[in-house]
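Taking it in order: structure first as structure tokens, then the write-up.
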Amino acid sequence: MSQKLPPSFYLREDVLQISKDLLGKYLITNFDQKVTVGKIVETEAYRAPDDKACHAHLNRFTERTKIMFEAGGTAYIYLCYGIHHLFNIVTAPKGMAHAVLIRAVEPVENVNVMLQRRKFEKLKYNLTAGPGTLTKAFGISKKQNGINLLDKKSPIWIEDRGEIVLEKNIIASPRVGVAYAEECALWDWRFRVKESKWTSRAK
DNA sequence: AAGAGGATGAACT
DNA sequence: GTTCATCCTCTTG
């Protein structure tokens with residue numbers, strides 16, 4: 001049992017709930033006829049206009065942030081520190097700038113392709129732990145910014161394979177790298193699967 | 001037109 | 001724990 005998540009999943013207005021619901025779902029990319037699959041084990045929520053850590057804080061609308069105002073199900077990918085491509089999923093109806101950052105996945109299928117892209121000799125727990133590393137392992141880059149994950153031709157999509165992560169198995173903690181966001185930096189908007197070895201370093 | 005800084009990761013010591 | 005790789009976006013003048 002394996003099904004692409006429907007638009008209704010992304011169009012909800014509770015980005016915190018969606019961030020938690022995405023745990024245990026499957027991220028799949030298909031580039032160069034290579035299909036890679038990973039189970040999502042760590043996410044972070046960003047929500048304009050009140051969240052100071054969100055690029056679209058106060059609904060700031062620029063060339064970069066305009067993607068976040070698209071309808072739920074759109075990919076928001078941008079370059080961080082000049083090096084890392086970070087993959088977010090836009091949520092909520094068009095006009096609301098909410099997004100979920102995918103921070104870590106557990107490698108599931110075609111791990112050898114991920115190893116190749118990362119230039120790893122053998123499998124290690126940091127293969128896909130961290131928002132910048134998983135995009136590299138999955139071949140995601142800024143070029144896919146703005147695509148619709150629900151589009152039949154999309155090379156990136158999310159599947160539900162019937163797994164449910166219970167609330168008690170989810171650890172909420174403050175987001176990382178957002179110290180500048182003042183009181184918002186304290187919000188527990190980072191979610192990870194409790195027993196997973198594939199999340200980025202614990203706090 | 002220019003400059004600062006960032007939702008990070010890896011390789012150091 | 002520290003450093004640095006490295007470039008796009010936004011702000012300021």
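Every chain is numbered from 1 and lettered A, B, ... according to where its sequence line falls, protein lines coming before strand lines.
- Evaluation of atom-type donor-acceptor distances gives a pair under 3.5 Å for the side chain of H55(A) against the base of dA7(B).
- Other residues, nucleotides and ligands contribute more than 12 heavy atoms inside 6.0 Å of the CG atom of L166(A).
- Atoms CZ (R118(A)) and P (dA11(B)) sit 9 Å apart, rounded to a whole Å.
- Residue order along DNA chain C, read from the 5' end via each residue's closest nucleotide, puts H84(A) first among H84(A) and K142(A).
- Relative to the ring axis of Y10(A), R12(A) does not place its NZ or CZ within 45° and under 6.0 Å from the centre.
- One interatomic measurement links the two molecules: CZ of R175(A) to C1' of dG6(B), which rounds to 15 Å at whole-angstrom precision.
- Between Y76(A) and Y78(A), the ring-plane angle classifies as parallel under the 30° and 60° cut-offs.
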Dot-bracket pairing map - DNA chain B, Watson-Crick plus G-U, both contacts under 3.5 Å, | cross-strand: ||||||.|||||.
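- Remark: P of dA7(B) and NE2 of H85(A) are 16 Å apart, rounded to the nearest angstrom.
- Atom CG of N145(A) and atom P of dC8(C) are 13 Å apart (whole Å).
- The distance from atom CZ of F120(A) to atom P of dA10(B) is 6 Å, rounded to the nearest whole Å.
- In this model, the phosphate group of dA7(B) is approached by a side-chain N or O of Y180(A) to a distance below 4.0 Å at OP1 or OP2.
- Between R64(A) and Y81(A), it is Y81(A) whose nearest contact on DNA chain C lies nearer the 5' terminus.
- In the model, R190(A) has a side-chain atom that pairs as donor or acceptor with a side-chain atom of S200(A) under 3.5 Å.
- The separation between Y78(A) atom OH and dG5(B) atom C1' is 12 Å, rounded to whole Å.
- Side-chain atoms of N112(A) and Q116(A) form no donor-acceptor pair, as typed in the model, at a separation below 3.5 Å.
- In this structure, Y46(A) places its OH atom 11 Å from C1' of dG6(B), rounding to the nearest Å.
- Remark: the E44(A) side chain and the Y46(A) side chain contain an N/O donor-acceptor pair separated by less than 3.5 Å.
- Between the side chains of T133(A) and T128(A), no donor-acceptor pair of N or O atoms lies under 3.5 Å.
- K66(A) places its NZ atom 11 Å from the P atom of dT9(C), with the value rounded to the nearest Å.
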